[in-house]
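Worksheet for the structure shown next.
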Number of protein chains: 2
Amino acid sequence: MGTTASKATKGVRSETLRRSNLAAIFAMLRTAPSVTRSELVEATGLTRSAVGSLIGELVEYGLATETGAQHDGHRGRPSAMAEIDGTGLAALSFEIGVDGVAAAVVNLRGEVLDDARASRTRGPVAAEPKVDDLVTLANLLGYANGMVGDRRIVGIGVAVAGTVTSDGQRVVMAPNLQWSDVPLADLVSARFGAGVAVTIGNDADVGALAEHRFGAGGGANNMIFVGGEIGVGGGIIVEGHRVHGRSGFAGEFGHMPVNPSGDVCGCGSIGCWETEVGERALLRRAGFDVDSGDAAVQRLLLAAQHGDAAVLDALAEHGGWMAIGLACLINVFDPEIVVMGGMFNDLWRYVEDVVTSDLARTSFGGQERPGVVVAGRLGNSARLIGAAELAFQPLLNDPVSA
Amino acid sequence: MGTTASKATKGVRSETLRRSNLAAIFAMLRTAPSVTRSELVEATGLTRSAVGSLIGELVEYGLATETGAQHDGHRGRPSAMAEIDGTGLAALSFEIGVDGVAAAVVNLRGEVLDDARASRTRGPVAAEPKVDDLVTLANLLGYANGMVGDRRIVGIGVAVAGTVTSDGQRVVMAPNLQWSDVPLADLVSARFGAGVAVTIGNDADVGALAEHRFGAGGGANNMIFVGGEIGVGGGIIVEGHRVHGRSGFAGEFGHMPVNPSGDVCGCGSIGCWETEVGERALLRRAGFDVDSGDAAVQRLLLAAQHGDAAVLDALAEHGGWMAIGLACLINVFDPEIVVMGGMFNDLWRYVEDVVTSDLARTSFGGQERPGVVVAGRLGNSARLIGAAELAFQPLLNDPVSA
DNA sequence: CCCCATTTGTTGTACCCTATTACAAATAAG
DNA sequence: CTTATTTGTAATAGGGTACAACAAATGGGG
């Protein structure tokens, strides 16, 4: 949910034209390690002089660098290589999960420069103590007065396990934290100073954002991200943009009804996908204590690694149910790629075969789309990198604004 | 699937800037009966002189008219009203369905000026005889040499019951017509002359397009359209744009798995939504001959109208299954509106109460979203109006191109 | 009836930004 | 050493909107 201009103008004029071109070139620099001006000419359709001027401005503002020209063996004047300047700016990102909180400093290349985590017991906790935790983690990372070391923090992004308003300011509801209508951005702003903008995002949405920009989904225009711990949710990328729906509730994949004879879900319905593939379903299926959280899941994975037959059977059955919901998503979206995050990322090695073979049988035209479901590549950092992207978004939209 | 430029440039320059502004104003004219220049200034952020010049150009090209200024009682110079010129241009649109073919002449306001239909018995038919039918219908409508009467036909759009390549040129597969990889646009072009561009679209996708631009979904940024006859499919509008997925397969709502203990579907899976809510499921549930097509559905509706208890019971059960799949779509997309088209439009009066009350219980946060599911407003014309939009799309993208 | 305020339309010039053209620089090929 | 090729830079041209001023057309108020 990038911030919206105070006046949603649709008309283009000279100054917005240049801003748009700066943003486009900046975005192109972020999808490649380095780029020549000629490649930018090719990609944008602008002339060499226009691209030169635009690159010059990004360099002047400390967003890009142009290295010395590199000889590549063909004749003609060598090209200078432009790339993102990963040194001067960073975002501070946080994650408020069910099992703990985390923080990271992330640069413009999506690289985690430093991070910190703290476990917390599950259960209802007010927002303020969680924000206290965030302050503590930020201090651990060396944050002070809008800076970390000699990097300027351009914004703060927070991933939370709940639904968020589309302006990224309030948590509408987070059932597993037992929050309802929490002005989280204001709470964080109050502690970090009004000079740094704070943006909140749903944890699955920002996981999708990260895997799309820097992870397994890179280069895809249409991507589905499935994440899950206690709850199962997801993010949707369509034509390169995230979909959040009219109230921020899009991506509630855990509540797809897949089994009319199934169990009662926490949402009150019967047979939601979450009741078959969530954390509690897995632990129950494997004969573990369903209330022991992530620690129990780690023990289950350890048992699987050691070849425990009951656990492997449970995982196979789990994979079968995963395939049912994934078939639904594939038939509805026809995505280029489906990225499995959260707990599913951890399970992937044990369920991939079952999921893949079941999908080949159950997805419409699925036989023609091998490899469409993959594990995420950013692991535990995905949500932190995604939250940083929320913080960077105003800069991405208008690279040379104040 | 609007046509793509031969060179996908992302850079903006003066000439593309003006084209973009012309397109934006043209689009605004199409969403309102008439608009003042001041309203366009407000909406676009451009100045009065820029808007005046842009409107002047649309008028010069015969795309808009500016009526005499209207007195509205407040002081100040009265405003001229600009509106779409619905007189000089039109699109020729066709629909190739399972039970027949149809054609229409549609103007820039989305108004059907004239239409013609022909029923056909079901079953496999080669594409060529279908195109013969289209030529016959076009002749009936008075089409000759790129004109109908004194209206110039700017393009031809064809809705077909199957999946279509994203460039709108080929039918990848249409199971109920038993087509596979048919170059339909070329076949139509060959009969109507190379001077008129032909664009093909999936029938549910174009139904969604029509209801979004001119029907029940007007004004929504995020809309789901559910259509169905033998097969059940749908269209997805996200941030105002249609979603077709990587291969044009998006919107296969009929193949969402909702019942692991259900029937074998035509696609080979078990318990797809289509097996519970498609035409055959309804006819079987009501004790009718499942192979008698649309005529049987009409007889069923007549029986319901007369209060046949068995039929009303069947419809209630049908509504329950409709609600299950709709709950899935609502949880996945969080759409502003879901529009029911095709057969579901016909059934709506008999199933609305069951669907609405079941959704209130089964959709995540559904209680807070009354009225999100509605019947379509364009009825049988939806697909024809939507196909016309495919034909108009190049003009919408660049209003003053040749 | 006249003057004033307000809103909209038109016109001429200023300004922003890229396009175009020409030239310079830096290479490899012959 | 010359030529060909590719890229960078600089000066000017050109497209299109912004800006400012003025004109036109209304209603309000005295």
Side-chain angles (χ1 to χ4, degrees), chain A residues 7 9-26 34-61 64-82 398-401, chain B residues 7 9-26 34-61 64-82 398-401:
Chain A
K7 185 191 205 181
T9 60
K10 289 194 169 87
V12 188
R13 53 191 194 283
S14 295
E15 70 173 4
T16 59
L17 180 157
R18 186 165 180 86
R19 179 189 307 161
S20 174
N21 285 338
L22 284 164
I25 289 189
F26 195 37
S34 59
V35 178
T36 68
R37 290 186 188 188
S38 297
E39 287 165 342
L40 291 171
V41 163
E42 187 68 30
T44 61
L46 300 172
T47 59
R48 289 205 300 281
S49 55
V51 168
S53 167
L54 293 160
I55 283 284
E57 195 165 347
L58 291 175
V59 170
E60 185 186 343
Y61 276 77
T65 56
E66 241 183 340
T67 62
Q70 310 230 327
H71 307 182
D72 64 1
H74 72 353
R75 62 176 145 179
R77 186 170 171 170
S79 306
M81 312 299 291
D398 187 357
V400 299
S401 62
Chain B
K7 185 191 206 182
T9 59
K10 289 192 168 86
V12 189
R13 54 192 195 280
S14 295
E15 70 173 2
T16 59
L17 180 159
R18 186 164 180 86
R19 180 190 306 162
S20 175
N21 285 337
L22 283 164
I25 291 188
F26 195 39
S34 59
V35 178
T36 68
R37 290 187 188 187
S38 297
E39 287 165 343
L40 291 171
V41 163
E42 188 68 30
T44 61
L46 301 171
T47 59
R48 287 203 304 281
S49 54
V51 168
S53 168
L54 293 160
I55 284 285
E57 196 166 346
L58 290 175
V59 170
E60 183 186 344
Y61 277 78
T65 55
E66 242 185 338
T67 62
Q70 309 231 328
H71 307 185
D72 64 1
H74 72 352
R75 62 178 147 178
R77 185 170 171 168
S79 305
M81 312 299 291
D398 187 357
V400 300
S401 63

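Please read these numbers as outputs of a predicted model, since none were measured by experiment. Protein chains get the first letters and strands the later ones, always in sequence-line order, with residue 1 at the start of each.
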Exercise. Is Thr36(A) touching bases, backbone alone, or none of the nucleic acid, heavy atoms closer than 4.0 Å?
Worked result: nothing

Exercise. Can you check the Ile25(A) CD1 to dC17(C) P distance for me, whole Å?
Worked result: 14 Å

For this session: Between Ala80(A) and Ser14(A), name the one whose nearest nucleotide on DNA chain D is closer to the 5' end.
Result: Ala80(A)

For this session: Name the closest nucleotide to the Leu17(B) side chain, picking from dT7(C), dT17(D), dA18(D).
Result: dT17(D)

Exercise. Once you round to the nearest 0.5 Å, how far does OG of Ser38(B) lie from CD of Glu42(B)?
Worked result: 9.0 Å

Seminar exercise, completed: The single option from Leu40(B), Val41(B), Asn21(B) that satisfies side chain to side chain contact (heavy atoms under 4.5 Å, CB included) with Leu46(B) is Asn21(B)

For this session: May I ask you to verify if any side-chain N or O of Ser38(B) is less than 4.0 angstrom from the OP1 or OP2 atom of dT8(C)?
Result: yes

For this session: Round to a whole Å and report the spacing from CG of Leu54(A) to C1' of dG8(D).
Result: 15 Å

For this session: Nearest whole angstrom, please: distance from the P of dG9(C) to the CE of Met81(B).
Result: 10 Å

For this session: Round to a whole Å and report the spacing from CZ of Arg48(A) to C1' of dC23(C).
Result: 11 Å

For this session: For the side chain of Arg77(A), starting at C-beta, report the closest nucleotide among dT8(C), dG16(D), dA25(C).
Result: dA25(C)

Exercise. How long is the line joining CG of Leu46(A) and C1' of dG15(D), in whole Å?
Worked result: 14 Å

Exercise. How close do Val51(A) and Arg37(A) get, heavy atom to heavy atom, and via which atoms?
Worked result: CG1-O, 4.0 Å

Exercise. Rounded to the nearest Å, what distance is computed from the CD atom of residue Glu42(B) to the C1' atom of nucleotide dT7(C)?
Worked result: 14 Å

Seminar exercise, completed: To the nearest 0.5 Å, atom OG of Ser34(A) lies from atom CD of Glu39(A) at 8.0 Å

For this session: Would you kindly give the CZ-to-P distance between Arg37(B) and dA24(D), to the nearest whole Å?
Result: 16 Å

For this session: May I ask you to verify if any side-chain N or O of Arg13(B) is less than 4.0 angstrom from the OP1 or OP2 atom of dA19(C)?
Result: yes

Problem set entry | Smallest separation among heavy atoms of Val12(A) and Leu17(B), with atom names | O-CD2, 3.5 Å

Exercise. Side-chain N or O of Asn21(A) less than 4.0 angstrom from OP1 or OP2 on dC17(C)?
Worked result: no

Seminar exercise, completed: Picking from dT17(D), dG16(D), dT26(D), the nucleotide nearest the side-chain atoms of Glu15(B) would be dG16(D)

Seminar exercise, completed: Quick note, Arg75(A) side chain, CB onward, closest among dT18(C), dG8(D), dA29(C) is dA29(C)

For this session: Give the nucleotide from the list dT8(C), dT26(D), dA18(D) with an atom nearest to the side chain of Ser49(B).
Result: dA18(D)

For this session: Figure out the CG/C1' separation between Leu22(B) and dG16(D), and round it to whole Å.
Result: 11 Å

For this session: Could you check whether Thr47(A) gets within reach of a base, just the sugar-phosphate, or nothing at all, counting any heavy atom under 4.0 Å?
Result: base

